[in-house]
There are 2 protein chains.
Amino acid sequence: MRKALADWVDLTDNQFSQLAEIFNSRTVKAKQDILLPHTSVHKIYFVCDGLLRFYYLSDRGVESNKAFVAENTFAGALAALNLDLPVLYGIQALEPTTYLVARLQDFVDLYEQDYAFERLGRKFAEWLLIRKELRTRSLLQQQAKQRYVSFMQNYSGLISRVPQYHIASYLGITEVSLSRIKRELAKKQHF
Amino acid sequence: MRKALADWVDLTDNQFSQLAEIFNSRTVKAKQDILLPHTSVHKIYFVCDGLLRFYYLSDRGVESNKAFVAENTFAGALAALNLDLPVLYGIQALEPTTYLVARLQDFVDLYEQDYAFERLGRKFAEWLLIRKELRTRSLLQQQAKQRYVSFMQNYSGLISRVPQYHIASYLGITEVSLSRIKRELAKKQHF
DNA sequence: TTATTTTCTTATCAATTGATAAGGCATAAA
DNA sequence: TTTATGCCTTATCAATTGATAAGAAAATAA
């Protein structure tokens, strides 16, 4: 985790152990649920090894993948405490996964203790912002075929690790539609 | 601006005037461009009075409205300096507008001067996160008709202030399609 | 290995949305 | 007033995507 943090802040040994204290390590098998949707449980996560998917659940029971979170990555609804709303997403393991988890409140409490943690919080929020910005733009401006091409470019490592129907769900289309898109793209390659 | 900030941080008079110093006031007429897309100009904005639209421009020249920013609201790509990319959006006034503008670099520099500004930056980022979260969810899970209904609920004040075709562009559909949707919704009302 | 389950593909038809063109309606300008 | 201009609606047809069902292929279990 420390290495991943280095992109955002320089923590002293002391600061880092303060941070590490609020996290607990967990291990889950593939397909295991970590958080069910519409639970009011606010936590933040760091994936050490493996792969998780964060997903929305609509009123009509349809799941949409919100993000895939692989090793050495932080995740979590950082601003959730500012809302009265329950967390809207669920979390499920796609692979056997080891991760660290902390109560969001504990993380936020650190802001009061040391300036460095507030900075960490800001950097984390900004990192999430950038990813969401790209995602919004993609959903708004690109057609499904283009979104898939972009996904392959930006997340090439995930293609082989994530079932096709989960990628389709991430792109906002059905697995059937994605299968069609792949066929069309393959056709073009021949010429 | 001070009143709007109160939701996020308590600034002393001194801190507030430090902040105010980096902002300049501007006035634009309706339809006037404030920032053209693909310019590498990183600024943050506070709209005092009026209404702005922030929009993406695709490779093929199609505009998509990213956000409407009305009075007493902050806006700007807070995390833009973390990227080497140019700012991707443009800004245009939809009404005669008075706004404050600051160089993003000046704003970020304040983080080093006073803890309160770092906190402000974090709160601002988190506020943006929440809005983007809702937007992503809407684009991913809802059909155009539902997105329009949600828009009317969440931004009822904007319906009369923003031309229909700009709302359509915000929803990711054409103005023709939005017109169809409105007709269908009106039909349902009769029964 | 075989059997079972999961994932992916294909076909068909329906629903949604886009593209284009034409016209209506309002507001503002001449 | 008439004339523009901008915005909205409607109609038609095309393209995209969804829904469903059936089967193929791949992965996993027995």
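Numbers restart at 1 for each chain; the letters A, B, ... are given by sequence-line order, proteins then strands.
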Got a salt bridge between Glu126(B) and Arg122(B), using NZ or NE/NH1/NH2 to carboxylate O under 4.0 Å? yes

Can we call the ring centroids of Tyr170(B) and Phe151(B) under 6.0 Å apart? yes

Is any NZ, NE, NH1 or NH2 atom of the basic residue among Lys123(A) and Glu118(B) found under 4.0 Å from an Asp or Glu carboxylate oxygen of the other? no

Are Tyr111(B) and Phe117(B) close enough that their ring centres sit under 6.0 Å apart? no

Earlier contact from the 5' end, DNA chain C, for Gln143(B) and Ser177(A): Ser177(A)

Does Lys182(B) have a side-chain nitrogen or oxygen under 4.0 Å from the phosphate oxygens OP1 or OP2 of dT9(D)? yes

I need the CZ-P distance between Arg60(A) and dG18(D), as an integer number of Å. 13 Å

Of all of residues 146-164 of chain B, which get a heavy atom below 4.0 angstrom from DNA chain D, listed by number? Pro163(B), Gln164(B)

Distance in angstrom units between Ile173(B) CD1 and dA15(C) C1', rounded: 15 Å

To the nearest 0.5 Å, tell me how far Leu100(B) CG sits from Asn24(B) CG. 8.5 Å

Does dT16(C) have OP1 or OP2 under 4.0 Å away from a side-chain N or O of Lys145(B)? no

Do the side-chain N or O atoms of Lys31(A) get closer than 4.0 angstrom to the phosphate oxygens (OP1, OP2) of dT7(C)? yes

For dT9(D), does either OP1 or OP2 sit under 4.0 Å from a side-chain N or O belonging to Arg180(B)? no

Hey, are Asn14(B) and Gln18(B) close enough side-chain-wise for a donor-acceptor pair under 3.5 Å? no

Looking only at the side chain of Tyr165(B) (C-beta and beyond, no hydrogens), which of the listed nucleotides dG18(D), dC8(D), dA19(C) gets closest? dC8(D)

Here the side-chain hydrogen bond (donor to acceptor under 3.5 Å, both in side chains) pairs for residues 1-11 of chain A, sequence neighbours left out, are Arg2(A)-Asp13(A)

Assign each of Ser179(B) and Val176(A) the nucleotide of DNA chain D bearing its closest heavy atom; nearer the 5' end lies the nucleotide of Ser179(B)

In this structure, how many angstroms lie between the P atom of dA15(C) and the CD1 atom of Ile181(B), rounded? 16 Å

Rounded to the nearest angstrom, tell me the gap between atom CG in Leu178(B) and atom P in dA19(C). 15 Å

Provide, to the nearest angstrom, the distance between the CG atom belonging to Leu140(B) and the C1' atom belonging to dT17(D). 15 Å

In whole Å, I'd like the distance from the CD atom of Glu175(A) to the P atom of dA25(D). 17 Å

With sugar-phosphate meaning primed atoms plus P, OP1 and OP2, does Thr174(B) contact a base, only sugar-phosphate, or nothing at under 4.0 Å between heavy atoms? sugar-phosphate

Expressed as a whole number of angstroms, how long is the span from Leu94(A):CG to dT7(C):C1'? 14 Å

Nearest-Å distance, CD1 (Ile167(B)) to C1' (dC7(D))? 12 Å

